Amino acid sequence: MKDRKGNLQVNNSISGQKEKFEPIHQGRIGMYVCGPTLYSEPHMGNMRTFINFDMIYRYLVHLGYQVKYVRNITDAGHITNSAGEAVDSIGKAAKLEQVQSLEIVYKYNVKFQDLQRTYNMLTPSIEPTATQHIQEQIEIIEKIIENGYAYEVNGSVYFDVRKFSEKFHYGILSGRKIDELEEETRSLNAQDEKRFFADFALWKKANPDDMQIWRSPWGDGNPGWHIECTAMSTKYLGDHFDIHGGGMDLKFPHHEDEIAQSCGSFGCNPAKYWLHANMLNVNGQKMSKSFGNYFLPMEIVEGTTELFSKPYSPDVIRFCMMQAHYRSTLDLTEDSLNAAEKGYTRLSDAIALLPKLKTGNESSFAVNELVDSFYQAMDDDFNAPMLIANLFEAVRRINLVNDGNDTITANDLDLLSNEMMGFVGGVLGLKTGISNGDSKLAPVMDLILDIRQKARENKDWTTSDLIRDGLAAAGIVVKDSKEGTSWS
RNA sequence: GGUCUCGUGGCCGAGAGGCUUAGGCAACGGUCUGCAAAACCGUGUACAGCGGUUCGAAUCCGCUCGAGACCUCCA
């Protein structure tokens, strides 16, 4: 198999442009993606981001890279708002549900793991949790203080953005300029401990009603929101790794502050390439409880959301998502899901046909070029929609061969089969429905179709249609062709 | 208010200065079929509006209108 590495281009949010992808260490890639915060069940929008990075991970692996994929789990609520007040969202959820923080985290972690399986996401190499890395976070904070980019006030530690800006570029990722920011942000209030409005907390002194408290050199408290990612990415991938990903909405302040923390402690931007996945809209608007278009990933699969009139399989949802580029917003509607369902059926029907195709002495079309087009699409900043368009060209060819209007050699068929399965199953992460044969249903179906065939030979259309309609009601589609009758 | 993204045919969505009228779904006409379905062939409707740059723009620039993101928790 030829080496396909080396043609990949990725859109780097730092430069805002497509760049040739060259790993820091040849053949190996370190990738960090900001994972879920476990104070509630992840919603469909969260899932889109994770599914997109799952696709990116899958393609890198498909290319033959050895990828270390780290996706963290935020299990500590330690968020501060602009006024510097601690907002312990996990603690808040715990109080609402009358359970301990740990239970909340555990409960939603189990759900998240279920969702990963349901949506066929590969398990990352490591899923570290924030609470298991408090010590590492403290050590990085100490280092930033040592370097002069942070200061302690009354048991809390803040990042000194002005001092940092003397040597580094704060705003390199988000494009924000701190003097412009100032005018637009509410001014420091009297009790604020920060020296400068843009300073952000690395460590917050504990409130009496915090449910999770840790000891530190500065007293009992909680780590700031951004420091956990710096601690964990550094621990598992080093000071400088290849890809850092996350949702578009994390660009500022989260990722910007991560960069500041890394520069402030190790002197460099932690990641060579920053990738950001775009948001999911539902019925034309950002998914939000107040818009009434909010639903959970299991509700759409189980058909328990009012938003859609029927359930959709995880594969159809994934397929629908893959038809949009990861950097574009995607609008999920009943129509788009129905279209995806039909399209996905067409694709998987063709794949199921692959093992049954007759081969010939020559191929009437350029299989190599077709396969190359799969790679070209994905090499262009993971253009999955383009890949799918090219896969449908292959679908057309497969059907033509099946109908005897195109020919393919055994070698070419082998190549096409492997690559189709590799891209559809391996890269897009879609389950392909070719397992009919080994189920207990198969012999029963053979029997039923045999009976129907007899009826058809006797021109007993009433019986044959009764069977066909009955199977359709059970979700089984019967297809008649010259070669015989098949079902799926 | 500031920073930024986007506005493509009935729908979802690629593309990006001059062959790609991408692709999927839907529609229409055929082939096939006992009738369907599936498959195949063919057809139609596009690039928000206005102005500019250019030999030439859906693709570049400006403005207008509209949608959205971030600036405050957010994938």
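Keep in mind that what you see is a predicted model, and the values were worked out from it rather than measured.
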*Select base, sugar-phosphate, or nothing to describe what Arg396(A) touches, counting heavy atoms under 4.0 Å on all strands.*
sugar-phosphate

*Can Asp406(A) and Arg397(A) be counted as an ion pair, charged N to O under 4.0 angstrom?*
yes

*Among the nucleotides C12(B), A75(B), A36(B), which one has an atom lying closest to any side-chain atom of His43(A)?*
A75(B)

_For a quick test of reading the model, state the closest non-hydrogen atom pair linking Arg327(A) to Met248(A) and the distance between them._
O-CE, 4.1 Å

_Regarding Gly45(A), tell me which of base, sugar-phosphate or nothing describes its non-hydrogen contacts under 4.0 Å with the strands shown._
base

*Output yes when a side-chain donor or acceptor of Asp75(A) lies under 3.5 Å from a complementary backbone atom of Thr131(A), and no otherwise.*
yes

_Contact nearer the 5' end of RNA chain B, comparing Ala340(A) with Cys34(A)_ = Ala340(A)

*Under 4.0 Å between a Lys/Arg side-chain N and an Asp/Glu carboxylate O for Arg468(A) and Asp465(A)?*
yes

*For the residue pair Tyr312(A) and Ile317(A), what are the closest heavy atoms and their distance?*
O-CD1, 3.7 Å

*Return yes if a side-chain donor-acceptor contact under 3.5 Å exists between Thr123(A) and Gln116(A), otherwise no.*
no

*Using a 4.0 Å heavy-atom cut-off across all strands, classify Asn383(A) as base, sugar-phosphate, or nothing.*
sugar-phosphate

*With no hydrogens and no angle check, is any side-chain donor or acceptor of Ser156(A) less than 3.5 Å from a backbone partner on Lys204(A)?*
no

*For atom P, what is the distance between A22(B) and G15(B), given to the nearest Å?*
13 Å

*Would you kindly say whether Glu258(A) and Gln261(A) are connected by a side-chain donor-acceptor distance under 3.5 Å?*
no

_Counting only side-chain heavy atoms from C-beta out, which of G24(B), A75(B), A22(B) sits nearest to Met386(A)?_
A22(B)

*For the side chain of Lys342(A), starting at C-beta, report the closest nucleotide among G23(B), A75(B), C25(B).*
C25(B)

_From CE of Met248(A) over to C1' of C70(B), roughly how many Å is that when rounded to an integer?_
11 Å

*Counting any heavy atom closer than 4.0 Å, what does Leu280(A) reach on the DNA or RNA strands: base, sugar-phosphate only, or nothing?*
base

*If we take the C1' atom in both A27(B) and G9(B), what is their distance in whole Å?*
13 Å

*Pairing of RNA chain B as dot-bracket, 5' to 3': ( ) intra-strand, [ ] crossing, | other strand, . unpaired, with Watson-Crick or G-U pairs under 3.5 Å?*
(((((((..(((.....[....))).(((((.......)))))....(((((..]....))))))))))))....

_At 4.0 Å (heavy atoms only), tell me whether Ser336(A) reaches a base, stays on the sugar-phosphate, or touches nothing._
sugar-phosphate

*Atom CZ of Phe392(A) to atom C1' of C25(B): distance rounded to whole Å?*
10 Å

*Taking the side chain of Thr49(A) as its heavy atoms from C-beta onward, which of A75(B), C12(B), G34(B) lies nearest to it?*
A75(B)

*Tell me which nucleotide among G34(B), A36(B), C71(B) gets nearest to the side chain of Pro253(A).*
C71(B)

*Is any side-chain N or O of Trp225(A) closer than 4.0 Å to OP1 or OP2 of C74(B)?*
yes

*Taking the same atom, C1', in G44(B) and in A26(B), what whole-Å distance lies between them?*
13 Å

*Calculate the interatomic distance between Asp349(A) atom CG and G24(B) atom C1'; express it in whole Å.*
14 Å

_Touch class at under 4.0 angstrom, heavy-atom based, for Ser328(A) against every strand present_ = sugar-phosphate

_Would you call the rings of Phe382(A) and Tyr59(A) parallel, tilted or perpendicular, taking 30° and 60° as the class edges?_
perpendicular

*Write down the distance separating the P atoms in A58(B) and C19(B), rounded off to the nearest Å.*
11 Å

*Quick one: which of G34(B), C70(B), A14(B) gets closest to the side chain of Arg456(A)?*
G34(B)

*The side chain of Leu400(A) lies closest to which of these nucleotides: A75(B), A39(B), C41(B)?*
C41(B)

*Quick one: label His276(A) by what it contacts on the DNA or RNA (base, sugar-phosphate, nothing), any heavy atom closer than 4.0 Å.*
nothing

*asked:* What is the separation between atom CH2 on Trp461(A) and atom P on A36(B), rounded to the nearest whole Å?
replied: 13 Å

*Taking atom P of C11(B) as reference, at what distance in whole Å does atom CD of Glu334(A) sit?*
16 Å

*Does the side-chain ring of Phe50(A) sit on the six-membered ring of the A75(B) base, less than 5.5 Å centre to centre and under 30° in tilt?*
no

*Are Phe50(A) and Tyr119(A) near enough that their ring centres are under 6.0 Å apart?*
no

*Rounded to whole angstrom units, what separation is found between the CE atom of Met321(A) and the P atom of G13(B)?*
12 Å

*Taking atom C1' in both G24(B) and A14(B), what distance in whole Å separates the two?*
11 Å

*Using atom C1' of each nucleotide, how far apart are G13(B) and C47(B) to the nearest Å?*
13 Å

*Does Lys251(A) make a side-chain N or O approach to OP1 or OP2 of C4(B) shorter than 4.0 Å?*
no

*Which part of the nucleic acid does Ala324(A) contact within heavy-atom distance under 4.0 Å: base, sugar-phosphate only, or nothing?*
sugar-phosphate

*Just call it for Asp335(A): base, sugar-phosphate, or nothing, with non-hydrogen atoms closer than 4.0 Å on any strand.*
sugar-phosphate

_Categorize Lys459(A) for me: base, sugar-phosphate, or nothing, with a 4.0 angstrom heavy-atom threshold over every strand shown._
nothing

*Output yes when Glu393(A) and Arg396(A) qualify as a salt bridge under the 4.0 Å nitrogen-oxygen rule, no when they do not.*
yes

*Would you kindly give the CZ-to-P distance between Arg48(A) and C12(B), to the nearest whole Å?*
14 Å

*If the C1' atom of U5(B) is compared with that of G10(B), how far apart are they to the nearest Å?*
26 Å

*Sticking with atom P, work out how far G68(B) lies from G29(B), rounded to a whole angstrom.*
39 Å

*If you look at every strand shown and take non-hydrogen atoms under 4.0 Å, does Arg346(A) touch a base, only sugar-phosphate, or nothing?*
sugar-phosphate

*Looking at Asn46(A), does any N or O in its side chain come under 4.0 Å of the phosphate oxygens OP1/OP2 on A75(B)?*
yes

_So if I take every side-chain heavy atom of Ala339(A) and compare against C12(B), G24(B), A75(B), which nucleotide ends up nearest?_
G24(B)

*Take the protein atom CD of Gln323(A) and the nucleotide atom P of G13(B), then report the distance between them rounded to whole Å.*
9 Å

*asked:* Looking at C40(B), I'd like to know if its phosphate oxygens (OP1 or OP2) sit under 4.0 Å from a side-chain N or O belonging to Asn399(A).
replied: yes

